[in-house]
Amino acid sequence: ASLNFEATEQQLATAKVTRVRSLKAFLTQDKGQQWEGTSEPLLLDLEGGLRGVFRSEDEPWASVAEVSGYRFARLMGSRLVPPTVPRVLEPVAGQPWPFEGKAGRPGSLQLFVDGKPTGDTLPADLSAKDASDIDVLSFVMGRYDNHGGNLLRDAAGAPVLIDFENSLEPQHWRFGEFSYARRGGEHPAPPPLGIPGDQPFPFDRPQK
């Protein structure tokens, strides 16, 4: 509640990186938490004591979605999403470089929150504003990967919403039915449940 979002954005964007490691390894080995993600973001230690989660991909999309989700939350007046900025990661002396090719890897850097995952449903004790903000953010941004690992509780018990990786993808939606995110012209379910991307909308027999 006391975090200065603007000052934190500035630190994330400019502070020197002192350590680079796997976020998955940190959470599972150092913190003893279960890993629910499918991507492999990095945990960066910054001068001044901040830690950030760096996400990058060969075709920037997920990292752009992370920054967009944060900016939209701020426009709503919500503090649910941790400060997230675009940043180019350069090699750090003595630290592993996990990317192939030349130095200078663009991506997003989000403030690391040492939080605990919630359950697979929205906690009953969420405030009405936080619960409605989560619904609006998820609907407008197309953020449908809702599970306990993406809604955390920080040390003070406040909700923290993370992981906008799959948002901003082209989507078709029909009131009262499941919302589909398209990847590469096909819906992300294996045959026979997968629906070809060129099938006319609305779908006759939508399936999750």
Side-chain angles (χ1 to χ4, degrees), residues 3-31 33 35-76 78-115 137-138 140-145 149-152 154 160-171 181-184 188:
L3 182 69
N4 185 320
F5 276 58
E6 289 71 23
T8 303
E9 287 180 33
Q10 182 67 19
Q11 289 178 279
L12 290 172
T14 60
K16 181 180 178 181
V17 179
T18 59
R19 186 177 182 183
V20 179
R21 50 187 157 161
S22 162
L23 176 65
K24 178 180 179 180
F26 172 75
L27 291 178
T28 57
Q29 298 172 15
D30 294 19
K31 306 291 289 184
Q33 295 183 12
W35 179 257
E36 298 187 34
T38 56
S39 57
E40 292 284 341
L42 300 174
L43 181 65
L44 307 184
D45 288 7
L46 308 177
E47 278 189 346
L50 282 187
R51 283 176 174 164
V53 177
F54 182 77
R55 185 188 295 275
S56 180
E57 58 281 327
D58 292 330
E59 297 180 2
W61 183 266
S63 56
V64 173
E66 295 287 1
V67 176
S68 300
Y70 167 68
R71 290 181 176 175
F72 182 59
R74 295 301 291 152
L75 287 172
M76 288 174 56
S78 172
R79 299 173 66 89
L80 282 167
V81 183
T84 311
V85 299
R87 177 151 182 177
V88 176
L89 179 63
E90 301 289 351
V92 180
Q95 298 295 306
W97 181 250
F99 305 109
E100 296 182 0
K102 64 180 182 179
R105 181 75 177 190
S108 62
L109 186 60
Q110 181 175 81
L111 177 68
F112 171 74
V113 177
D114 191 7
L137 278 164
S138 297
V140 175
M141 294 298 297
R143 181 193 174 280
Y144 297 109
D145 188 19
N150 288 342
L151 179 62
L152 312 177
D154 68 11
V160 180
L161 194 65
I162 61 173
D163 195 356
F164 283 77
E165 177 182 0
N166 290 326
S167 66
L168 299 187
E169 294 183 356
Q171 298 178 46
R182 294 191 173 197
R183 281 184 182 274

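In this text, all values refer to a predicted model and were calculated from it rather than measured experimentally.
If you take CZ on Arg19 and CD on Glu47, they are separated by 15.0 Å, rounding to the nearest 0.5 Å. The CZ atom of Arg79 sits 6.0 Å away from the CG atom of Leu3 when rounded to the nearest 0.5 Å.
A heavy-atom distance below 4.5 Å is found between the side chains of Leu50 and Thr8. The side-chain heavy atoms of Arg143 and Leu161, taken from C-beta on, include a pair separated by under 4.5 Å. Contact annotation: the side chain of Ser22 never approaches that of Leu43 to less than 4.5 Å [non-hydrogen atoms, C-beta and beyond]. Two residues are said to be in side-chain contact when any heavy atoms from C-beta on lie closer than 4.5 Å; Leu42 and Ser56 fail this criterion. Under the 4.5 Å side-chain criterion, counting only non-hydrogen atoms from C-beta, Thr18 is not in contact with Leu46. Two residues are said to be in side-chain contact when any heavy atoms from C-beta on lie closer than 4.5 Å; Arg87 and Ser108 fail this criterion.
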Would Leu89 and Val17 satisfy side-chain contact (heavy atoms from CB on, under 4.5 Å), going step by step from the backbone distance to the final call?
CA-CA 9 Å; Leu89 179 63; Val17 179; 4.1 Å; yes
In sequence, state the C-alpha distance, the side-chain angles, and the governing distance for Arg55 and Ser63, and then conclude on side-chain hydrogen bond (donor to acceptor under 3.5 Å, both in side chains).
CA-CA 6 Å; Arg55 185 188 295 275; Ser63 56; over 6 Å; no
Could you go step by step and tell me if Glu6 and Asn4 meet the side-chain contact (heavy atoms from CB on, under 4.5 Å) rule?
CA-CA 6 Å; Glu6 289 71 23; Asn4 185 320; 3.5 Å; yes
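Aromatic pair Phe54/Phe112: centroids not less than 6.0 angstrom apart.
Each of Ile162, Leu23, Asp163, Leu44 was scored for a side-chain contact (heavy atoms from CB on, under 4.5 Å) with Val53, with one residue passing: Leu23.
No donor-acceptor pair under 3.5 Å is formed between the side chain of Ser78 and the backbone N or O of Ala73. Using a distance-only test at 3.5 Å, with no hydrogens or angles considered, a donor-acceptor pair links the side chain of Thr84 to the main chain of Pro82. Of the possible donor and acceptor atoms, none in the side chain of Glu66 sits under 3.5 Å from a partner among the backbone N and O of Tyr70.
Phe5 carries Arg74 over the face of its six-membered ring, with the cationic atom under 6.0 Å from the centre and within 45° of the normal.
In terms of heavy atoms, Glu165 sits closest to Trp61 at O-CD1, 4.2 Å. Residues Val85 and Leu12 share a closest heavy-atom pair of CG2-CB, 3.7 Å.
For Arg51, the side chain to side chain donor-acceptor pair (under 3.5 Å) partners at least two apart in sequence or on another chain are Asp45.
Pairs engaging residues 85-104 under the ring-ring contact (aromatic ring centres under 6.0 Å, His included) rule: Trp97-Phe99 [sequence neighbours left out].
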